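Quick notes on the structure that follows.
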Amino acid sequence: MLEDPTPKRLRWRAHHRGTKEADRMIGGFFDAHHQQWNAQEMALFEALLEEQDVDIMAWCIGTQKVPERFEGEMMIAMQRLDYLPIDR
């Protein structure tokens with residue numbers, strides 16, 4: 001059986017956003033959480049990837065209100081930021 005291409009495609013998109021900060025935040029979140037997601041959550045993350053990086057990052061750090069369509073457990077988990085490694 002062939003592997004589902006969706007996680008691979010989403011991982012690539014999450015890690016190739018255009019800035020190192022966005023790659024680490026969005027890609028790091030994907031790496032930490034995607035294995036527990038069902039099809040609906042994968043679709044929600046895919047829709048999130050269509051948004052601008054500055055908006056996603058602002059929602060995560062709380063400087064902009066999260067749009068209703070993205071409110072919920074996934075955004076709450078993104079806002080924890082506990083999936084980001086800290087370089088020392």
Side-chain angles (χ1 to χ4, degrees):
M1 183 174 184
L2 295 177
E3 182 182 336
D4 180 9
T6 303
K8 186 175 182 178
R9 179 173 44 82
L10 291 179
R11 183 181 192 290
W12 193 91
R13 290 185 63 203
H15 279 278
H16 295 86
R17 303 299 298 175
T19 66
K20 182 178 180 178
E21 294 82 3
D23 293 350
R24 291 187 76 184
M25 181 179 282
I26 299 165
F29 179 75
F30 177 82
D31 289 346
H33 295 279
H34 81 278
Q35 291 181 335
Q36 299 92 300
W37 293 343
N38 60 31
Q40 183 178 6
E41 291 164 322
M42 285 279 189
L44 179 61
F45 187 76
E46 186 167 23
L48 182 71
L49 293 177
E50 296 298 320
E51 300 296 323
Q52 295 294 314
D53 294 345
V54 294
D55 293 331
I56 297 169
M57 293 174 73
W59 302 332
C60 289
I61 63 174
T63 58
Q64 283 187 21
K65 184 178 179 339
V66 177
E68 190 174 314
R69 68 186 177 277
F70 294 119
E71 288 178 347
E73 292 301 315
M74 183 177 289
M75 188 55 65
I76 291 168
M78 285 190 87
Q79 291 170 333
R80 286 188 195 113
L81 300 175
D82 60 357
Y83 51 89
L84 291 172
I86 298 173
D87 292 336
R88 297 190 190 248

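This is a predicted model, so every value here is computed, not measured.
More than 12 heavy atoms of other residues, nucleotides or ligands sit less than 6.0 Å from atom CD of Gln36. Around atom CD of Glu51, more than 12 heavy atoms belonging to other residues, nucleotides or ligands sit under 6.0 Å away.
The two residues Gly27 and His15 make their nearest non-hydrogen contact at O-NE2, 3.2 Å.
Residues passing the salt bridge (charged side-chain N to carboxylate O under 4.0 Å, His left out) test with Arg80: none are found, sequence neighbours excluded. For Asp53, the side chain to side chain donor-acceptor pair (under 3.5 Å) test picks out Arg17, with sequence neighbours left out. Looking at residues two or more places apart in sequence or on another chain, you find no salt bridge (charged side-chain N to carboxylate O under 4.0 Å, His left out) involving Glu41. Not a single salt bridge (charged side-chain N to carboxylate O under 4.0 Å, His left out) links Glu21 to another residue, sequence neighbours left out.
The hydrophobic cluster containing Val54, built from Ile/Leu/Val/Met/Phe/Trp/Tyr side-chain heavy atoms closer than 4.5 Å, comprises no other residue. Taking a 4.5 Å side-chain heavy-atom cut-off between Ile, Leu, Val, Met, Phe, Trp and Tyr, the cluster of Met78 extends to Leu10, Met25, Ile26, Phe29, Phe30, Trp37, Met42, Leu44, Phe45, Leu48, Leu49, Ile56, Met57, Trp59, Ile61, Val66, Phe70, Met74, Met75, Leu81, Tyr83, Leu84.
Note that CG of Asp31 is 4.5 Å distant from CZ of Arg11, once rounded to the nearest 0.5 Å.
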